[in-house]
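Presented below is the structure to which this report refers.
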Amino acid sequence: MNMMNLAKISANGQITLPVEIRRLLGLKSGDKVLFFQKQDGEIVLSNASAQAIRKAQKAFAGAAEEIGVFNEDGVQALVDEVRHGRNVQCGY
């Protein structure tokens with residue numbers, strides 16, 4: 001689906017993102033947006049928080065399995081171990 005919206009630039013260089021775009025990107029007050037230029041010159045706007053999460057997910061892909069964490073109980077045990085210095089042996 002193609003969408004087109006128009007925004008006006010203020011004297012201070014500010015714009016108000018149309019509500020449809022904010023909803024589409026999952027943006028709320030205080031969020032940061034990321035602008036990047038593709039090789040063809042197109043400028044792309046994205047939710048910086050969502051972009052950071054995707055980058056982190058990609059970076060950590062497979063890490064849990066490598067250390068034997070397979071479920072929420074395993075995550076909690078690992079957090080307890082790091083937080084309290086306990087070596088919790090619950091089979092993550």
Side-chain angles (χ1 to χ4, degrees):
M1 170 171 80
N2 291 329
M3 180 186 303
M4 185 181 297
N5 282 284
L6 186 64
K8 184 178 178 181
I9 300 175
S10 75
N12 294 329
Q14 298 172 325
I15 63 170
T16 299
L17 294 176
V19 67
E20 296 89 3
I21 301 299
R22 293 192 312 265
R23 285 183 186 145
L24 183 66
L25 293 175
L27 294 169
K28 58 188 179 307
S29 179
D31 283 350
K32 294 184 178 184
V33 293
L34 176 68
F35 296 90
F36 60 92
Q37 184 177 12
K38 294 169 60 173
Q39 285 185 339
D40 65 2
E42 180 180 12
I43 303 295
V44 178
L45 167 76
S46 69
N47 181 331
S49 297
Q51 188 78 9
I53 290 170
R54 283 192 294 275
K55 187 175 180 179
Q57 286 173 330
K58 186 176 181 181
F60 290 109
E65 291 83 4
E66 286 179 20
I67 62 170
V69 175
F70 299 101
N71 56 36
E72 272 187 55
D73 291 336
V75 171
Q76 187 59 55
L78 184 58
V79 168
D80 290 344
E81 184 177 327
V82 170
R83 202 178 268 166
H84 305 291
R86 297 186 280 197
N87 190 0
V88 180
Q89 299 292 325
C90 71
Y92 295 150

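Numbering of residues begins at 1 and proceeds along the displayed sequence.
Using a 4.5 Å cut-off on side-chain heavy atoms (C-beta onward), Asn47 and Lys28 make no contact. For the pair Leu78/Ile67, a side-chain contact is recorded, criterion being any heavy-atom separation below 4.5 Å from C-beta on.
By the 6.0 Å contact criterion, CD1 on Ile9 is open, its count of non-hydrogen atoms from other residues, nucleotides or ligands being 12 or less.
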In sequence, state the C-alpha distance, the side-chain angles, and the governing distance for Leu17 and Val33, and then conclude on side chain to side chain contact (heavy atoms under 4.5 Å, CB included). CA-CA 10 Å; Leu17 294 176; Val33 293; 4.3 Å; yes
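Rounding to the nearest 0.5 Å gives a distance of 11.5 Å between CG of Leu24 and OG of Ser46. Between atom CE of residue Met4 and atom CD1 of residue Ile21 there is a gap of 11.0 Å, rounded to the nearest 0.5 Å.
When all heavy atoms of Pro18 and Leu6 are compared, the closest pair comes out as CG-O, 4.1 Å. Listed here is the closest heavy atom pair of Leu27 and Lys32: CD2-O, 4.2 Å.
One hydrophobic cluster holds both Phe35 and Met3 under the rule that ILVMFWY side chains link at heavy-atom gaps under 4.5 Å. Note on Leu45: it clusters hydrophobically with Ile15, by side-chain heavy-atom contacts below 4.5 Å among ILVMFWY residues.
Side-chain N or O atoms of Asn12 include none that pairs as donor or acceptor with a backbone N or O of Gln14 at under 3.5 Å.
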